[in-house]
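Here the structure comes first, spelled out in structure tokens, and everything after it is commentary.
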Amino acid sequence: MADVHNNRRILLASRPEGEATTANFKLVETPLAPLNDGEVRVRNHYLSLDPYMRGRMSDAKSYADPQPLNEVMIGGTVGEVTESRNPSFKVGDKVVGVGGWQEYSTSDGTDLRVVDAARVPLSAYLGAVGMPGVTAWFGLNRIIEAKAGETIAVSAASGAVGSVVGQLAKAAGCRAIGIAGGAEKCRYVVETLGFDACVDYKAGKLRDDLKAAAPEGIDGYFENVGGDVLDAVLEQMNAHGRIALCGMISGYDGQPVPIKTPTIFLRQRLKLQGFIVTEHMDVWPQALKELGERVASGKLLFRESIAEGLEAAPEAFLGMLRGKNFGKQLVKLI
Ligand SMILES: NC(=O)c1ccc[n+]([C@@H]2O[C@H](COP(=O)([O-])OP(=O)(O)OC[C@H]3O[C@@H](n4cnc5c(N)ncnc54)[C@H](OP(=O)(O)O)[C@@H]3O)[C@@H](O)[C@H]2O)c1
């Protein structure tokens, strides 16, 4: 572990060609510079590993600039203020921010928000009560506009975003259908999270199982993966269905993920809308308040996969892209 004078950090060493590998990352140890006026030092406790990071590793045209080479990998963090020359933060404050893949981060405070770790566990501010939770909230409420009695499906249903989508849909009086990889994840989605059904897309009968899970068709779909899963769901969409296109993780290593029958959009008069949650900062306060209340009162459950130590981050990140995580993927840094 780094002492107070040194900081261990993981940099992007090279851009992936095809699948990302651990060789794309480099662990370095650098001394911490003294704080300037206005700056805050945070000892990061948890690092969030998120699929969007795979996009930033590439320099293909996207909604955000690529992660620069030889700089610390971007990443959401929660931690504790250990030193402050900024009047808005005091030593001991628990904060959520974008500290990156490193043990200590130094900030001017603009990316930091003080959080209450007594009400909700600190790590949840990177998951159900953080960016993934707001993503679920936005797609469900603002794009799908789920109404009581409708059937809502979500892929990557046991994951950070998907698990919140289904629970919020249930709370809104909808029928919630999950799609996840493997029997264990599906069991969790139904038995613990309370979805009405879950389809294991790896079991080899995706279309039949989807039909059985949603006998009245699907009104709203929250898409996280793309590819064959999207094609199969499209076949079950009801007229005037809405699709929130949140992610297409099956294509993040550069594989093409074509939609096989776009005529369904016309036939069923579907709406499909892509979105990036950080472009909708206006909803964050309302969504975070609601999500925080639900987690604090035990109405919104979450699960975490926690890798130990900064050096475990690259493997854990690559594993998450392949579904090895079960719930929100984090790295515990202290
Ligand atoms: N638009 C936005 O603003 C925004 C914000 C946050 C997240 N997202 C997107 O939301 C999605 C979920 O993110 P998350 O953070 O909640 O991650 P997550 O669901 O916790 O983890 C990723 C999951 O994706 C699934 N997966 C991986 N490869 C797959 C494949 N080839 N086919 C089907 N499923 C596959 C795996 O679940 P299984 O084992 O079930 O396959 C894996 O556990 C991602 O697509 C991400 O990019 C978008």
N/O donor-acceptor pair under 3.5 Å between [X] side chain and [Y] backbone:
X: N86; Y: E39; result: no
X: W101; Y: I74; result: yes
X: K90; Y: S88; result: no
X: W284; Y: V277; result: yes

Please report the shortest heavy-atom distance between [X] and [Y], naming the atom on each side.
X: R54; Y: D253; result: NE-OD1, 2.8 Å
X: N24; Y: S14; result: ND2-OG, 3.0 Å
X: D50; Y: S48; result: OD2-OG, 2.5 Å
X: G162; Y: F195; result: O-CZ, 3.7 Å
X: A128; Y: L300; result: CB-CD2, 4.2 Å

Out of curiosity, [X] [atom1] to [Y] [atom2], how far, rounded to the nearest 0.5 Å?
X: L140; Y: F222; atom1: CG; atom2: CZ; answer: 7.5 Å
X: L245; Y: L230; atom1: CG; atom2: CG; answer: 7.5 Å
X: C174; Y: D219; atom1: SG; atom2: CG; answer: 8.5 Å
X: R269; Y: M237; atom1: CZ; atom2: CE; answer: 12.0 Å
X: Y104; Y: N44; atom1: OH; atom2: CG; answer: 9.5 Å

For this session: Please lay out, stage by stage, how Y221 and S155 fare under the test side chain to side chain donor-acceptor pair (under 3.5 Å).
Result: CA-CA 8 Å; Y221 179 45; S155 50; 3.1 Å; yes
For this session: Give a yes or no on whether the ring-centroid distance for Y125 and Y46 is below 6.0 angstrom.
Result: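 Distance test on ring centres: not under 6.0 Å, no.
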For this session: Not counting sequence neighbours, which residues clear side-chain contact (heavy atoms from CB on, under 4.5 Å) with D196? List them please.
Result: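 Per chain and number, D196 pairs via side-chain contact (heavy atoms from CB on, under 4.5 Å) with K170, R175, A176.
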Exercise. Hey, are E150 and R242 close enough for a salt bridge, meaning a charged N less than 4.0 Å from a carboxylate O?
Worked result: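 The answer is yes: the pair qualifies as a salt bridge.
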For this session: Say whether R56 and Q67, considering side chains only, have a donor N or O and an acceptor N or O under 3.5 Å apart.
Result: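 Short answer, no.
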Exercise. After noting the C-alpha distance and the side-chain angles of R41 and T106, does the key distance pass the side chain to side chain donor-acceptor pair (under 3.5 Å) rule?
Worked result: CA-CA 5 Å; R41 178 146 296 144; T106 305; 3.2 Å; yes
Exercise. For residues 291-307, which residue pairs qualify under side-chain hydrogen bond (donor to acceptor under 3.5 Å, both in side chains), counting only residues two or more places apart or in two chains?
Worked result: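 Of all non-adjacent pairs touching residues 291-307, those that pass side-chain hydrogen bond (donor to acceptor under 3.5 Å, both in side chains) are S123-E304, K289-E293.
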